[in-house]
Amino acid sequence: MGSTAPHVALLASPGMGHLIPMLELGHRLASTFSLRVTVFVVTTDASTAQSQINQEYSTYKKVISIVLLEQLDLSSLMDWPTAMLSQIVLIMRHSLRYLRSAISSMEIRLTALIVDVFGVDAFAVADEFKMLRYVLVTTNAWYLALITYLPFIDCKNEDDHVRLHQPFNIPGCESVRFEDTISAFYNRDDQTLFNDYKRTGIELGRAHGLLVNTWESLEPKTLRALRDPKTMGRFLESSRIFPIGPVVRPSQPAKQDVPRNKVLEWLDQQPAESVLYVSFGSGGTLSADQLTELAWGLEQSSHRFVWVVRPPTKDSASGSFFRLSKKTDKTPEYLPDGFVTRTQDKGLVVPTWAPQTEVLAHLSVGGFLSHCGWNSILESILNGVPMIAWPLYAEQKMNATMLAEQLGVTVKPEKLPSSGIIRRDEIEAMVRRVMEKDGNEGKQMRIRAHDLKRTADEALREGGSSHYMLSQMARECECGLEKLDEVRGGLD
Ligand code: UDP
């Protein structure tokens, strides 16, 4: 890689769900398109981020530079907001001074800055350094359409949605049902959150390009609307849409000199497609009552499982029933007494974190009970694994609906977790629907998941739609801001 190669900066916001796709994109730009790449990482826990990068991305450092920006002292931040989105936006805003000084101290000229949807304030820095402005949308095109439309909604549409719980209509796209809506609508009193969403929507329209972690054949209707000047395209006049996905971390092959992870070792002993993997992403947690019901549901189903479990968010009345002092085995204090012993032949409880991409790629895994974070969904699809949807926050309820109703690769509970506890019998039934070999439903979902995987593989191969889109974007980065019009004129 010559030192004169054009150099691109990526800015990742806190959280593994944001860092992983940024690192993957950076790696792809550098390894496939010969750009030089620096990924700047904003983190609230530098030592964990550093050790995760060292453990899982050490080989990437041969191809891209990864720079952890100075860690903010969160206690120094005034007016700490309640919503997670606003918290991340605030952290990103305060980190800009570190980004600015890191870029100033670099001797090369950066041609483009790629941020995620939480980092659009950094466009000011891109402007100062005359860089192209891109956003990596780490979710899907439907959610992008929703945020883009939010600053422009008419009062009636908003009122019908927020007060009368009517679907939220997005021009040219599927509507969003109230039960699937985002927190900005059901917490409409939180002005900071609503304003953060709106500002993000406006800034998206200022980007030179929006890189979306989807592919043409997965969301054709929404992508068409985002490009159509008569519908959503009118809010994105100067932003080009680049569906470049799926961008996911590939599963790592086993290495001889590294001891095999315990979870993978356990999976090695299980029959093909027999294990349900249960995980709620990098930060999802359940209440004590819900954890109890999930434990019983898994046990009652009699199916094999790997469960990445975290302590409950808050102790509820029945949660206090399970105290450490009452435990008779190694079951964590917040799970039903004796759970680990009773399920020891069938299940594995893993505290906090598992090597998810390797787990989903394992032949023993036949289903995924997921909180429906977009990265998890893509990782599941890329391995042809059908899902049980358990959406918790952010755009996950929209994702769950898309998976169940448009893509047909997921079963969904009758009522979403946000509207009450999902009981053990329903959980047991959902597990059986996905996992049972003689059941037609699970079989059909598995076939559809494999079909989707094939379309994803096609999009990614050389000449495929996502590969082509990324090559166009890389070409723009090579030429820089001054030549953007020329390049775009030539490309169309
Ligand atoms: N992840 C993992 N192990 C875990 C939990 C999560 O490797 O135990 C990874 C997962 O593979 C995915 C990311 O963390 O790449 C989570 O992203 P997602 O968008 O699914 O959810 P988020 O955590 O952002 O809500």
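Excluded from the calculations below are hydrogen atoms, water molecules and symmetry mates; all remaining heavy atoms, backbone and side chain alike, are included. Sequential numbering from 1 along the given sequence is applied to the chain's residues. When a ligand or atom number is given, it counts from 1 through the structure's own listing order.
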*asked:* So does T48 get a backbone contact from the side chain of S51, meaning a donor-acceptor N/O pair under 3.5 Å?
replied: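 Yes, S51 side chain to T48 backbone: donor-acceptor pair under 3.5 Å.
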*asked:* Tell me if a side-chain donor or acceptor on E428 pairs with a main-chain N or O of S301 at a distance below 3.5 Å.
replied: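 Here the side-chain-to-backbone pair does not exist.
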Heavy-atom proximity to [atom], best of [options]:
atom                    : options          : result
atom 7 (O) of ligand 1  : Y393, Y277, W353 : W353
atom 12 (C) of ligand 1 : M16, E56, E379   : E379
atom 18 (P) of ligand 1 : L19, N375, I377  : N375

*Close approach of G15 to ligand 1, heavy atoms, under 4.0 angstrom*: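 No; G15 lies far enough from ligand 1 that no heavy-atom distance drops under 4.0 Å.
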_Contact check, R249 vs ligand 1, heavy-atom distance below 4.0 Å_ =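 For ligand 1, residue contact (heavy atoms, under 4.0 Å) with R249 is absent.
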_Residue portion contacting ligand 1 (non-hydrogen atoms closer than 4.0 Å) for H18_ =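 Neither; no heavy atom under 4.0 Å.
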*Establish, for the pair R249 and Y57, whether the NZ or CZ atom is under 6.0 angstrom from the six-membered ring centre and no further than 45 degrees off its axis.*
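Yes, R249 and Y57 form such a contact.
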Using a 4.0 Å cutoff against the non-hydrogen atoms of [X], which atoms of ligand 1 qualify?
X    : result
G373 : 18 (P), 19 (O), 20 (O), 21 (O)
Q396 : 25 (O)
W374 : 19 (O)

*Do you know the tightest heavy-atom contact between A30 and I64?*
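Nearest heavy atoms, A30 then I64: CB-CG2, 3.7 Å.
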*Using only heavy-atom distances, determine whether the side chains of D180 and T401 contain a donor-acceptor pair under 3.5 Å.*
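There is such a pair between these side chains.
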Write out the residue and atom name of the closest protein heavy atom to [atom], then the distance separating them to 0.1 Å.
atom                    : result
atom 21 (O) of ligand 1 : H371 NE2, 3.1 Å
atom 23 (O) of ligand 1 : S282 OG, 2.4 Å
atom 13 (C) of ligand 1 : I20 CD1, 3.9 Å
atom 3 (N) of ligand 1  : A354 O, 2.6 Å
atom 20 (O) of ligand 1 : S376 OG, 2.5 Å
atom 24 (O) of ligand 1 : G17 CA, 3.4 Å

*When you check the gap from the basic side-chain N to the acidic O, do K453 and D457 get nearer than 4.0 Å?*
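Yes, K453 and D457 are salt-bridged.
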*Which of these, Q356, H362, R304, sits in a side chain to side chain donor-acceptor pair (under 3.5 Å) with Y277?*
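Of the listed options, the one satisfying the test is Q356.
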*Does L363 CG have over 12 foreign heavy atoms under 6.0 Å away?*
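Open: at most 12 neighbouring heavy atoms sit under 6.0 Å from CG of L363.
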*Qualifying residue, where the test is side-chain contact (heavy atoms from CB on, under 4.5 Å) with V409 and the options are I377, L452, I447, V434*: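 When I377, L452, I447, V434 are each tested with V409, the side-chain contact (heavy atoms from CB on, under 4.5 Å) holds only for L452.
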*asked:* Taking the side chain as everything from C-beta on, heavy atoms only, tell me whether L470 gets closer than 4.5 Å to L25.
replied: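 With C-beta onward as the side chain, the pair touches.
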